[in-house]
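Data block below; observations after.
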Amino acid sequence: MSTTLPHFRQTVRDEWIDYNGHLSEAYYVLVFGFATDALMDAVGLDAEYRAGSGCSLYTVEAHVRYLDEVARGSQLAIRTRVLGVDAKKVRFLHEMYVCEASSGEPLGDVVATEELFTLHVDQAAGRAAPLPAAARERLTGLVAAAPEWAGRGIREVKGPSSRPGGAPGATLE
């Protein structure tokens, strides 16, 4: 099996454009969700598996970075990397690029990223369950090094109107 996934591709639809004239923040996440579905399909956690097993990946934590505006009609490619796998957990990330329409090649830098921490869940039991061996093996074969920005979380706001640890009563001016 390949140690990389093909890019997921999507065209920005007119109804996804916000009042600022570019891709609305919710639709970045929607496109990343489609890329997650493509990852699940590629490793055997597809619709047939989910229907037959009652199990699926659930997102427990996600961190999105919006790095550049995306225009109406843009062709997008999402690169997905698996960063870690254990018996019940998968950590992966998506990187979004705007592409040349005819070749599908990225035109420049990453325009958005999403890092996800997921659990394999038995929906009937309502709790985490071991990944099937074949899917875990496929995911493990895809594990790649994390980029330097991964795992960093949200930046803190420092200043007179913030309190350490986000204590109640903190205000931003």
query = What pair of heavy atoms forms the shortest contact from A47 to D41, and how long is it?
reply = N-OD1, 4.3 Å
query = What's the spacing between F92 CZ and T36 OG1 if we round to 0.5 Å?
reply = 4.0 Å
message = Just verifying a value: how many Å separate Y27 OH and H22 NE2, rounded to the nearest 0.5 Å?
response = 13.5 Å
inquiry  = Going by side chain to side chain donor-acceptor pair (under 3.5 Å), name the residues that satisfy it together with E115, two or more places apart in sequence or in a different chain.
reply    = R91
query = Do any pairs count as a salt bridge (charged side-chain N to carboxylate O under 4.0 Å, His left out) and have a residue in residues 14-34, sequence neighbours left out, and if so which ones?
reply = D14-R72
inquiry  = Tell me the closest heavy-atom pair linking K89 and F117, and the distance in Å.
reply    = CD-CZ, 3.4 Å
E100, CD: over 12 other non-hydrogen atoms inside 6.0 angstrom = yes
inquiry  = Donor-acceptor pair, distance only, cut-off 3.5 Å: does the side chain of H94 make one with the backbone of T113?
reply    = no
ask   = Do T118 side-chain atoms and V90 backbone N/O form a donor-acceptor pair below 3.5 Å?
value = yes
message = Could you check whether Y28 and E114, counting side-chain N and O atoms only, form a donor-acceptor pair closer than 3.5 Å?
response = no
query = Is there a donor-acceptor pair closer than 3.5 Å between any side-chain N or O of S53 and the backbone N or O of C55?
reply = yes
note = Shortest non-hydrogen pair, A71 vs I17, comes out as C-CD1, 4.2 Å
